[in-house]
Every structure is written in C-alpha cells, then in structure tokens.
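Structure record follows, encoded as structure tokens.
Just so you know, these numbers come straight off a predicted model, no measurement behind them.
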Amino acid sequence: MKNTDKGKLYVISAPSGTGKGTIIAKLLELRPELRLSVSATTRDPREGEEHGINYYFVTREDFEDMIARGEFHEYAEYVGEYYGTPKKPIHEHVENGESVLLEIETQGAMQVMMMNPDAVSIFIVPPSLEELERRLRGRGTDSEDKLLHRLERARLELDYQDEYAHVVVNDDVTRAAEEILGIIDNG
C-alpha cells in the first residue's frame with residue numbers, strides 16, 4: 001500500500017569544516033528511515049568517499065550538460081567546483097512519504113528555500129572560528145591557499161544563519177544530532 005502522506009525536506013547547511021557530514025552520518029545512524037539526498041560535484045573524491053553514496057562525482061562537462069537539461073533542483077559553484085542536487089530522487093522520496101535531508105551550501109539553500117517554502121532549514125555553526133580553522137587544517141586535504149579561501153567563505157556564510165529557521169552549534173556531534181532530531185520530530 002502506498003503511503004499517501006508526503007515526506008518533508010530538511011535543508012541542512014554549514015560552512016566547510018563545521019562537521020555537517022559527520023552530524024548527518026549520526027542522524028542516519030539514529031534514524032535509518034531518513035533519506036539523504038546525494039549531490040553531484042565536479043570535485044575529486046576525498047579518501048573513503050564513494051560515487052553514488054557520498055556524491056555523484058562527474059566531470060565539469062557532464063555537470064554543465066546536466067544544467068542545460070534542467071536536471072538540478074539547485075546548483076552552485078563553490079571554491080572552483082560545481083555542486084548540485086538532482087531533482088528526481090528528492091521528488092520521488094518526498095512523494096513516497098519519506099523525509100529527505102539535503103546537505104547543501106548556503107547559496108543553493110537559498111534557492112531551495114525560495115522554491116520550497118515548506119522545507120525546514122537548519123544551519124550548523126562551529127563553536128568558534130578558531131575551532132573551524134583547527135578542523136579544516138586537521139583534514140589535511142587542502143593547500144594553504146584553498147584552506148584560506150574556505151575560511152574566508154565560512155566567514156561570509158555565517159552571515160546567512162539568520163535566514164534559517166534553526167541554528168545548531170556543533171560543539172558535540174551526538175548532542176547536535178539529537179538537537180536536529182528534536183527539530184525533525186517537531187517539524
């Protein structure tokens with residue numbers, strides 16, 4: 001029997017290095033019925049990331065073809081790479097009554113929230129900018145120039161937090177995930 005209730009879309013954003021991926025993994029562990037929207041990107045995979053699980057890793061040319069065909073719910077260029085959310089899977093999950101987590105940067109989130117006024121928006125912030133820099137450096141994945149660009153971008157993105165319905169501080173992954181589950185349960 002098909003579920004007649006529609007699911008809900010949860011837009012989750014945070015500056016790079018804030019820990020949104022770790023929090024989302026915890027959310028999915030605690031609530032396996034939640035669905036994570038898999039984004040497409042032109043960036044290279046990080047260690048341990050898998051195509052179709054973490055992202056759809058595509059070439060710049062393929063991404064631009066997908067834009068031309070109107071296949072994205074939203075897309076943006078961030079630190080020289082494209083990121084975008086394919087429309088079809090989100091639509092299918094929501095229509096089937098499943099709630100979807102959309103892990104997305106602020107530029108794309110603004111697009112999604114304009115087009116989906118019923119979406120619940122959550123912004124994750126680091127305990128401090130110093131902690132954010134420590135986390136980014138600890139990754140060891142970026143050149144110094146790219147790291148400084150990420151930090152500058154994070155400062156700009158933090159200005160968007162007032163656009164979101166909820167702001168969650170990631171001072172502890174489990175605590176932050178539980179706070180977000182409280183938002184989901186009440187939203």
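- When each of Arg35, Lys6, Arg31 is checked for a salt bridge (Lys or Arg N to Asp or Glu O under 4.0 Å) with Glu98, only Arg35 meets the rule.
- Summarising the geometry, atom CG belonging to Asp62 is positioned 12.5 Å from atom OH belonging to Tyr82; distances are rounded to the nearest 0.5 Å.
- A pairwise comparison of heavy atoms in Val38 and Ile53 identifies CG2-O, 3.7 Å as the closest pair.
- For the pair Met115/Glu74, no side-chain contact is recorded, criterion being any heavy-atom separation below 4.5 Å from C-beta on.
- Contact check for Tyr164 versus Met110: side-chain heavy atoms found under the 4.5 Å cut-off.
- The distance from the CG atom of Leu102 to the CD1 atom of Ile122 is 11.0 Å, given to the nearest 0.5 Å.
- Distance check, rounded to the nearest 0.5 Å: OG1 of Thr174 to CD1 of Ile23 gives 9.5 Å.
- For the atom pair OH (Tyr78) and CZ (Arg153), the distance works out to 5.5 Å, reported to the nearest 0.5 Å.
- Here the straight-line distance linking atom NZ of Lys87 with atom CZ of Arg69 works out to 12.0 Å at 0.5 Å rounding.
- Counting heavy atoms of neighbouring residues, nucleotides and ligands inside a 6.0 Å radius, atom NE2 of His149 does not exceed 12 of them.
- At a threshold of 4.5 Å between non-hydrogen side-chain atoms, the residues Val11 and Asn116 do not count as touching.
- A pairwise comparison of heavy atoms in Phe123 and Pro15 identifies CZ-CD, 3.7 Å as the closest pair.
- Two residues are said to be in side-chain contact when any heavy atoms from C-beta on lie closer than 4.5 Å; Leu28 and Leu101 meet this criterion.
- Side chains of Asp118 and Leu9 form no contact here, defined as non-hydrogen atoms less than 4.5 Å apart.
- Among all heavy-atom pairs drawn from Ser121 and Ala165, the shortest one is OG-N, 2.8 Å.
- Here the closest heavy-atom approach between residue Thr18 and residue Pro126 is recorded as CG2-N, 3.5 Å.
- Using a 4.5 Å heavy-atom threshold, the side chains of Val100 and Pro89 count as separate.
- The side-chain hydrogen bond (donor to acceptor under 3.5 Å, both in side chains) analysis of residues 45-57, with sequence neighbours excluded, yields the pairs Arg43-Glu49.
- Taking OG1 from Thr42 and CZ from Arg60, the interatomic distance works out to 5.5 Å, rounded to the nearest 0.5 Å.
- With contacts defined as side-chain heavy-atom distances shorter than 4.5 Å, the pair Val169/Arg175 qualifies.
- The aromatic rings of Tyr75 and Phe63 sit perpendicular to each other, their planes meeting at more than 60°, with 30° as the lower class boundary.
- For the pairing with Thr106, the side-chain contact (heavy atoms from CB on, under 4.5 Å) check across Gln161, Gln111, Glu157 returns one residue only, Glu157.
- Ile24 is connected to Ile180 through a chain of hydrophobic side-chain contacts under 4.5 Å among Ile, Leu, Val, Met, Phe, Trp and Tyr, so both are in one cluster.
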